[in-house]
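Residue numbering restarts at 1 for every chain, and letters A, B, ... go by the order of the sequence lines. Note that these values count all heavy atoms, side chains included, but never hydrogens, waters or copies made by symmetry.
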Amino acid sequence: MTVSYYPGCTLKTKAKNLDLYARKCAEALGIALEEIPEWQCCGGCYPVAKDEIATKLSSVRALAAAKEKGQTLVTVCSACHNVIKRVNHDMQTDEEIRDKVNRYRAPDEPYEGETNVLHYIEMLRDLVGFDKIKEKVVNPLAGKKIAAYYGCLLLRPGKVMAFDNPENPSILEDFIRALGAEPVLYPARNECCGGYLTLEDPEIPKKRSETVLQSAQNHGAEVVTTACPLCLYNLQKNGGSEIPVVYITELLAEALGLK
Amino acid sequence: MEQNNFKETVLRISGVNPKKCMRCGKCSGACPNYDEMEFHPHQFVSMVENGEIEKLMTSPSVYKCLTCFACVERCPRQVEPAKLIEAVRLCVIRQAGQNHLKPDQIPEMLDEDLPQQAIVSAFRKFTK
Amino acid sequence: MQRIGVFVCWCGSNIAATVDVKKVAETLGKEPCVVYYENYQYMCSEEGQNKIINAIHEHKLSGIVICSCSPRMHEATFRRTAQKAGLNPYMVEIANIREQCSWIHKDMATATEKAIILGRAAIAKVHLNTPLQAGESPVVKRALVIGGGIAGIQTALDIADAGFEVDIVEKKPTIGGKMSQIDKTFPTLDCSACILTPKMVDVAQNEKIHIYSYSEVAAVKGFVGNFDVTIKRKARYVKEELCTGCGACTEKCPQKKVPNDFNLGLDNKHAIYIPFAQAVPKVATIDPDYCMMLKTGKCGVCSKVCAAGAIDYKQQDELVQQQYGAIVVATGYNPIDLKNYDEFAYSQSPDVVTSLEFERLTNAAGPTGGVLLRPSDRQHPHTIVFVQCVGSRESGEGCGKTYCSKICCMYTAKHAMLTREKYPDTEVYVFYIDVRTPGKNFDEFYRRAVEEYGVHYIKGMVGKVSPENGKLMVQASDLLDNKQLKIEADLVVLAAAIEPDPSARPLATMLTTQMDTNDFFTEAHPKLRPVESATAGIFLSGCCQGPKDIPETVSQASACAAKVIGLLAKDKLLGNPCVAESNELMCNGCSSCEKVCPYGAISYVDKEFKMPNRTIAVRRVANVNPAVCQGCGACTVACPSGAMDLKGFSNSQIMAEVDAICK
């Protein structure tokens with residue numbers, strides 16, 4: 001199966017491992033990730049204001065490109081996923097935004113939110129199946145206590161992202177179980193890491209990230225895993241703990257013997 | 001007069017109806033960054049409704065919201081306070097010369113591990 | 001030709017201030033066949049009614065039009081007036097010139113013109129009115145009460161007290177309902193069991209009352225006075241008439257890991273069980289999902305230890321047919337499922353409980369023997385946080401309820417107060433949006449919790465509960481102090497919204513009664529007929545109609561019983577003559593009417609018709625049961641051939657009204 005792949009800018013530089021292993025593992029699991037040609041940066045944050053049009057265009061271009069090929073659009077960075085999924089929702093439900101965007105792009109065929117957007121982890125669950133991944137694991141992460149960190153971007157707003165129960169998600173825990181490790185449930189796994197505020201006021205991400213890691217460690221975590229480069233940065237840099245924080249694709253590659 | 005204009009703008013670009021709020025305060029109970037903010041999510045809702053937009057615009061609180069949407073997710077009346085905070089911030093930075101973040105500030109903020117996602121996001125949030 | 005009289009009412013200034021009543025009367029007086037007209041200040045008063053009676057006599061009126069308030073208000077009044085004067089009550093028409101005219105218009109000229117048009121339409125209808133006679137049907141002197149909680153119990157006792165037979169159908173193995181699970185009752189704090197169980201015994205011992213426990217209503221046919229009900233008695237695998245309730249079986253049963261629903265899953269029971277000590281009937285029931293004998297055929301311990309020989313593994317569900325004159329719905333409520341409120345960690349921590357679970361944790365017959373211990377480690381909690389309005393008062397776009405669940409403020413005050421009284425070393429916080437205590441001695445009760453017992457009431461809401469290090473970290477807002485609080489709690493109690501029992505929806509369909517969007521049964525009138533449904537003979541008792549506390553439920557239950565008694569006391573019932581009738585010659589047998597009839601009043605029969613040349617044809621035609629028909633008119637609209645008509649609201653009458661308006 002072939003899907004359209006939107007890596008996002010950070011995956012080309014600071015988060016190369018997230019991208020590298022996403023591609024390697026997908027290939028091993030029988031999914032071809034076809035990178036969208038000339039994709040543009042999603043902007044990192046979803047533009048919340050209803051009158052913002054230009055900032056949504058890069059996402060729409062990626063969505064329309066996937067639609068043209070009749071492919072599902074897969075992202076692995078939580079931030080890109082959040083932006084593209086929400087813009088897609090706008091294109092489906094907000095007539096004003098849809099009209100303005102389409103008039104701006106002036107394409108032959110207007111885009112109306114037809115593309116199915118999946119996060120890499122959803123792709124693993126829905127297009128591959130955690131059971132099948134379990135079968136392909138050659139190096140089970142047995143005995144490892146892994147805490148999944150969702151942050152805010154994968155889950156919220158719950159109705160739009162439709163990713164999992166935003167207050168008590170389980171998809172990453174199921175994934176961790178499929179790799180042979182033991183998932184750690186901890187309450188801060190859907191709390192914000194502090195995000196981009198690290199630029200001007202690192203004290204805030206410090207407090208936030210410390211809370212997250214402390215909570216994970218209180219519940220016995222040995223490793224924390226995330227799909228977001230900025231979350232990873234904050235947890236590592238501002239989390240005040242030596243606990244390893246790795247990308248979900250790194251865990252997967254390790255278990256599949258690809259690392 | 002200008003106050004009313006700001007209120008109109010905030011309501012229009014946020015799409016929020018603050019009248020739906022029942023003053024339960026769950027947004028401020030949910031907010032992870034509450035202690036960093038001068039005005040808290042529930043106050044944004046009531047102050048917007050009362051037209052006290054300029055007070056909010058001059059408060060550093062508009063740059064403290066993480067837009068993590070915990071308040072939006074948990075609001076029992078679907079008021080969506082985070083969207084109001086975003087709209088108030090936009091009222092500030094859309095004015096001439098009001099960018100909160102300037103490119104020449106960036107170099108000193110960088111460290112070698114910082115993902116550019118942080119810079120891109122901050123620019124989108126803090127500048128026009 | 002009719003001789004019509006027109007009576008225009010001023011309704012004090014309600015009509016006369018906006019409508020020129022004199023002009024209306026004079027103008028309508030010129031309509032064909034109108035032989036008399038008059039206007040008067042209060043047509044509904046005795047003086048006004050006498051004017052009508054005199055006019056009917058003096059002018060030999062055959063039909064009258066009253067231009068007044070809504071027919072919902074005084075149609076019955078004026079029909080009685082006509083009857084007193086010897087006129088068939090269905091020769092009266094009301095033109096609503098108040099709600100539909102004077103109250104919604106400001107300009108007198110416009111309003112007067114409209115009043116004249118409305119009056120003219122009513123006159124056009126009276127032209128075609130024919131005297132109608134209501135039919136009679138006998139009343140079965142027996143009532144069915146569906147649900148054996150405090151509402152059903154009180155209604156049944158009151159009906160039985162008046163000398164009528166009552167059957168209670170209860171889906172659980174015992175009657176008692178939610179009240180049997182509650183520890184103490186506000187605002188007087190008497191023990192719930194102490195005031196409930198004597199009533200349960202009264203029910204058991206009352207010769208007029210029969211309990212079908214562990215049973216459900218399977219089908220309902222018929223109409224007011226003559227309901228035909230099928231009751232499904234579920235197999236309990238114990239012969240009710242033989243079981244003595246000694247409990248030997250429940251002690252010896254080897255299957256001990258069955259979640260105890262009476263204690264809301266906080267402890268376990270055996271596969272054969274009696275829900276609680278004072279159960280009525282005190283009869284054991286086998287849970288077929290857990291009984292080894294029923295599942296695998298291996299065990300049979302209970303059968304061996306039962307001295308009465310009451311165990312019957314081969315028992316089957318049984319259907320019972322019974323006739324009733326009246327049916328009372330008392331299906332009650334449940335707390336909502338909290339799966340959509342994981343921010344409060346209900347599914348993540350056993351120490352986050354609902355208020356009903358808290359009742360069991362403080363009840364002497366509960367899993368902890370009445371000692372307040374938190375479920376995770378059976379330790380005494382030193383800090384308890386109560387969260388109000390969980391799932392209540394929401395916008396309706398999310399997962400919660402739009403209504404106030406009404407009982408939570410008071411029971412939380414009770415929980416908080418009792419905790420402080422019994423365990424003064426415990427800090428108790430209550431997070432509230434509003435404290436709503438409109439009831440006798442209710443606000444005083446809440447104030448005592450604050451002032452005498454030192455409960456910390458905080459205006460604000462909990463945003464997140466995080467289980468950390470064996471504690472529950474509660475993050476909440478304090479709106480009055482403009483602070484965010486972080487409380488390390490041992491136990492969090494959620495006041496979950498209440499919703500109607502899931503059995504209510506299918507039951508409403510069976511009974512053809514109306515529900516609101518929340519699945520609460522709709523009363524016939526929110527103020528003036530609060531315990532009747534809009535379907536004749538179906539009555540409402542307790543929380544199935546809306547959230548209620550115990551005092552209110554009991555009042556409503558007795559009110560409901562009074563209405564039932566009023567019905568059962570009659571030997572015969574007068575029907576509503578404004579029912580549908582089918583013109584068999586025009587009916588094409590398509591069943592459209594049968595499908596739309598919300599009351600099941602229409603059936604089809606094969607009927608012989610004389611055809612030309614002395615032949616006989618059998619045709620399938622609609623047949624309306626006038627005792628069941630409520631005169632809603634849905635069938636007349638659905639009928640494609642125009643065969644179905646509604647007496648008193650015939651197609652020709654309605655067309656005449658429309659023509660008069662469009663003239």
What residues of residues 342-351 of chain C sit under 4.5 Å from chain B when you count only heavy atoms?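 Contacts with chain B: C/Glu343, C/Phe344.
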Taking a cut-off of under 4.5 angstrom between non-hydrogen atoms, the residues of residues 456-489 of chain C near chain B are C/Lys459, C/Gly460, C/Met461, C/Val462, C/Gly463, C/Lys464, C/Gln475, C/Ala476, C/Ser477, C/Leu479, C/Asn482, C/Lys483, C/Gln484, C/Lys486
At under 4.5 Å between heavy atoms, what parts of residues 15-30 of chain B are in contact with chain C? List them by residue number. B/Lys20, B/Met22, B/Arg23, B/Cys24, B/Gly25, B/Lys26, B/Ser28, B/Gly29, B/Ala30
Residues 67-79 of chain B: residues contacting chain C (heavy atom under 4.5 Å, by number): B/Arg74, B/Pro76, B/Arg77, B/Gln78
Greatest number of non-hydrogen atom pairs under 4.5 angstrom with chain B, of C/Ser395, C/Cys389, C/Cys399, falls to C/Ser395
